[in-house]
Amino acid sequence: TMAGLTPTFGHIPTRQQRIMRKVSDSCVTKALVSGVGGFALGALFGGAMGGFDSVVPSEAALEALQKATLGARALEGVKVACRSAWATGKAFGGLGLLYSGTECSIEKFRARSDIWNQTLAGCATGAMLAVRTGPKAMAVGCAGFASFSFVMEFFLGGHYKKY
């Protein structure tokens with residue numbers, strides 16, 4: 001919980017504290033925060049890995065690159081890294097937004113917090129990501145994301161200690 005928002009005996013939250021509580025508990029807020037965080041991490045990852053892109057340039061492009069100055073080659077490398085950062089950031093951000101929003105909505109609908117919220121959210125996210133490719137791919141996406149979500153929550157969420 002956020003500092004100052006935990007109700008204590010005899011304490012009535014102010015209007016501003018009640019508004020902050022509603023905003024911070026909102027699934028839209030949680031999804032947006034996850035989307036922005038996912039974009040930032042994806043952009044960092046994509047930018048770092050952009051220099052290792054395995055695209056082989058054409059003969060003309062390779063010849064032009066060899067004739068270019070060091071500054072021009074560095075600028076081209078930065079452009080490649082930026083394109084990779086943008087693409088990877090969008091993918092990670094969209095995935096974070098979709099998964100987090102779905103998980104929060106499922107938790108509110110079920111009115112309980114357990115490992116099955118993450119598993120169901122993983123299934124729904126995997127299916128939604130594959131919706132354009134047909135029902136078989138949606139089933140595979142559901143199974144894959146649900147399995148991954150279950151395993152991650154089981155070990156990282158401390159559920160393994162119960163067994």
Side-chain angles (χ1 to χ4, degrees), residues 1-55 79-163:
T1 62
M2 296 177 63
L5 294 181
T6 305
T8 57
F9 183 72
H11 173 74
I12 298 172
T14 65
R15 181 174 184 268
Q16 188 176 21
Q17 287 174 327
R18 288 192 307 271
I19 290 170
M20 284 300 296
R21 166 76 67 187
K22 281 185 180 181
V23 169
S24 66
D25 285 346
S26 164
C27 287
V28 172
T29 302
K30 290 177 181 180
L32 288 174
V33 167
S34 292
V36 170
F39 179 84
L41 289 174
L44 284 172
F45 181 72
M49 299 308 286
F52 301 107
D53 199 359
S54 63
V55 175
K79 286 180 183 179
V80 167
C82 287
R83 283 193 297 268
S84 178
W86 179 253
T88 308
K90 285 192 314 183
F92 277 47
L95 184 63
L97 185 125
L98 184 62
Y99 177 83
S100 183
T102 304
E103 190 270 333
C104 179
S105 299
I106 289 171
E107 185 174 332
K108 286 191 183 288
F109 178 78
R110 293 182 68 229
R112 66 178 72 135
S113 181
D114 58 18
I115 195 169
W116 299 110
N117 293 335
Q118 288 81 8
T119 305
L120 291 170
C123 175
T125 300
M128 284 188 269
L129 289 174
V131 74
R132 293 183 184 151
T133 56
K136 286 182 185 176
M138 288 174 68
V140 170
C142 168
F145 269 80
S147 300
F148 180 76
S149 298
F150 180 85
V151 168
M152 293 300 288
E153 182 62 22
F154 185 79
F155 289 108
L156 297 179
H159 298 283
Y160 68 92
K161 295 175 184 172
K162 296 177 187 174
Y163 300 102

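All values reported here derive from a predicted model rather than from experimental measurement. Both backbone and side-chain heavy atoms feed into the values below; hydrogens, waters and symmetry mates do not.
Glu107 and Arg112 make their closest contact through CG-O, 3.4 Å (heavy atoms, listed as atom of the first residue, atom of the second, distance). Taking each heavy atom of Ser149 and Gly122 in turn, the nearest pair found is OG-CA, 3.4 Å. The two residues Thr14 and Gln17 make their nearest non-hydrogen contact at N-OE1, 2.9 Å. Of all the heavy atoms in Gly46 and Ser84, the pair that sits closest is O-OG, 2.8 Å. Minimum interatomic distance between Asn117 and Glu103 (heavy atoms only, all atoms of both residues): CB-OE2, 3.9 Å. When all heavy atoms of Ile115 and Phe150 are compared, the closest pair comes out as CD1-CE1, 3.6 Å.
In this structure the side chain of Val131 reaches within 4.5 angstrom of the side chain of Met138, judged on heavy atoms. Within the 4.5 Å cutoff, the side chain of Phe92 has no heavy atoms near those of the Leu44 side chain. At a threshold of 4.5 Å between non-hydrogen side-chain atoms, the residues Met128 and Leu98 count as touching.
Between the OG1 atom in Thr125 and the CD atom in Gln118 there is a gap of 11.0 Å [rounded to 0.5 Å]. A distance of 8.5 Å separates SG in Cys142 from CG in Leu120, rounded to the nearest 0.5 Å. Atom OG1 of Thr102 sits about 14.0 Å away from atom CZ of Phe109, to the nearest 0.5 Å. For the atom pair NZ of Lys30 and OG of Ser100, the computed distance is 7.5 Å after rounding to the nearest 0.5 Å.
Put simply, the side chain of Ser105 gets close to the backbone of Gly101: a donor and an acceptor are under 3.5 Å apart. Counting only distance, with no hydrogens or angles, the side chain of Thr88 and the backbone of Ala85 share no donor-acceptor pair below 3.5 Å.
Judged as a disulfide (SG to SG under 2.5 Å), the pairs with a partner in residues 79-116 (not counting sequence neighbours) are, in order, Cys27-Cys104.
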Dump the intermediate steps for side chain to side chain contact (heavy atoms under 4.5 Å, CB included) on Tyr99 and Leu129, then the final yes or no. CA-CA 10 Å; Tyr99 177 83; Leu129 289 174; over 6 Å; no
Residue pair Trp86, Phe39: steps toward the side chain to side chain contact (heavy atoms under 4.5 Å, CB included) verdict: CA-CA 8 Å; Trp86 179 253; Phe39 179 84; 3.6 Å; yes
